[in-house]
Amino acid sequence: MAAAVAGGVGPVVAEAAAPGAGAETKAEVGAGAETKAEVGAETKAEVGAEAELEAEVVPPPLPGLQLVQQGAEACVFRGRFLGREAVAKLRVPKRYRHPALEERLSRRRTAQEARALLRCRRAGIPAPAVYFVDHVTNCIYLEDIAGAVAVQDHIESVQRRGGDAGSLLPLSKKLGALLARLHDEDLIHGDLTTANVLLRPPVEKLDLVLIDFGLSFVSGLAEDKGVDLYVLEKAFLSVHAGVETVFETLLKTYAATSKKSGPVIKKLDEVRLRGRKRSMVG
Amino acid sequence: MAAVTQPLELCPPRAATLLLFRGVRNAGALRRRAAEGALPAALVSPAVVDPFQVLVAANKAVHLHAMGKMKTRTLYTEIIFNLSPNNNISDALKKFGISDSDTAVLIVLIVDTEKPVNLEEITSQVEGQQVSLDELPQLTDIEKVKKVTQRNNYSIFLVKKRNVRHC
């Protein structure tokens with residue numbers, strides 16, 4: 001089910017992100033988006049080493065190492081680092097790329113991700129803490145959010161238990177406010193899906209944490225923020241059924257919380273009109 | 001007598017040994033000795049909140065040292081520098097390194113897990129009482145932490161910003 005979902009989200013995300021992305025990253029966005037949805041699933045269960053490691057990936061030398069998820073962009077491991085449970089995100093080398101480009105790109109992506117995580121920290125936006133960045137292996141060692149549940153899984157379980165959209169409203173308000181703060185810091189997540197937002201236990205507290213900043217960048221443009229929200233909207237509506245009001249509330253809270261939301265919402269409307277299978281014939 | 005030694009997984013076979021002292025009377029002398037190189041350890045002031053913070057700084061220092069890319073002159077000053085959220089070396093050493101008036105000191109040694117280490121050499125020089133690392137929260141100077149991290153609800157992980165330096 002996760003694969004089908006990722007497939008559904010993938011092309012749409014690539015489409016939406018295209019306006020902002022450069023030529024070289026377009027291919028990446030498609031592949032990256034797909035796996036980001038999967039990476040969130042790491043929190044579902046301790047899957048251990050069920051996924052096979054690619055031949056060329058050297059796992060980080062941490063005791064108690066466990067492969068949590070292998071995506072197209074990176075492998076995510078869990079292990080003990082300096083006496084704590086930590087997550088190690090190792091970028092997978094892509095052999096089809098020219099080696100010089102590969103090295104530069106991996107390094108840049110790793111650094112960008114780490115930088116985004118640190119900006120969040122400094123701004124008080126909940127994201128995993130960065131413990132160490134190894135630029136040689138392009139591996140980031142991060143805080144492990146113990147027992148966290150992806151918002152995607154949470155919504156699914158609420159719906160399975162028969163909860164209605166109303167019970168999800170507090171969550172959407174919190175998320176809207178969080179994204180407002182993120183965008184006010186001019187930080188674009190780049191891959192907003194419900195699998196990339198975690199809930200710290202206990203779930204009732206609605207303590208949200210953003211993860212997976214692999215595609216993030218800094219921008220003050222309303223266009224980029226609008227696209228960020230559009231990506232989330234698409235992911236939201238395609239993965240979960242009957243949650244339109246939930247997303248509406250999210251946007252309303254976003255607009256109310258963010259100081260610069262006016263142009264962003266306007267751009268969001270514009271982007272919506274641009275999407276796939278939309279006729280731009282006036 | 002609880003000195004904690006944590007192996008540095010990413011830089012084997014190195015490990016960091018942490019010792020905590022309270023009621024220290026000769027902080028000034030210790031600081032001078034460390035600066036001269038007579039005391040091969042990092043002397044950390046009570047501006048730290050958790051030993052983990054120090055381990056992360058040590059891990060990065062050892063890593064850079066192994067690659068020959070440290071920003072300061074010695075491994076031990078590098079550890080202290082890594083504790084600071086900003087890029088100014090002398091400022092970091094002043095705030096996170098001990099000052100003459102400090103009565104609590106956290107000592108960090110970098111050792112090899114394979115070689116035996118004589119802690120007596122270090123502990124005998126300190127005029128103070130060695131205590132367990134669990135007492136660190138009591139000895140933390142909260143005002144100092146607020147000042148050095150410029151935050152009111154301090155998070156020890158703010159200092160991890162340092163780890164993003166491009167090597």
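Labels below follow one simple rule: chain letters A, B, ... track the order of the sequence lines, proteins then strands, and each chain is numbered from 1.
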Note: B:Q6 and A:L82 closest approach over all heavy atoms is NE2-CA, 3.4 Å
Q.
Tell me if the CD atom of A:E103 is crowded by more than 12 foreign heavy atoms within 6.0 Å.
A. no
OH of A:Y141 to CG of B:N59, rounded to nearest 0.5 Å, is 8.5 Å
Within residues 20-43 of chain B, contacts to chain A at heavy-atom distances under 4.5 Å involve none
When rounded to the nearest 0.5 Å, the distance separating CD of B:E9 from CZ of A:F81 is 6.5 Å
Assess whether side chain to side chain contact (heavy atoms under 4.5 Å, CB included) is satisfied between A:R84 and B:L55, documenting all intermediate values. CA-CA 11 Å; A:R84 281 199 187 187; B:L55 287 174; over 6 Å; no
Okay, A:R119 and chain B: the region with an atom under 4.5 Å from a heavy atom over there is neither
_Criterion side chain to side chain contact (heavy atoms under 4.5 Å, CB included) on B:V56 and A:F132, from CA distance to verdict_ = CA-CA 7 Å; B:V56 168; A:F132 182 58; 5.7 Å; no
Applying side-chain hydrogen bond (donor to acceptor under 3.5 Å, both in side chains) to A:H183 and not counting sequence neighbours gives A:D228, A:Y254
When the 4.5 angstrom heavy-atom criterion is applied to B:P7 and chain A, the contacting part is backbone
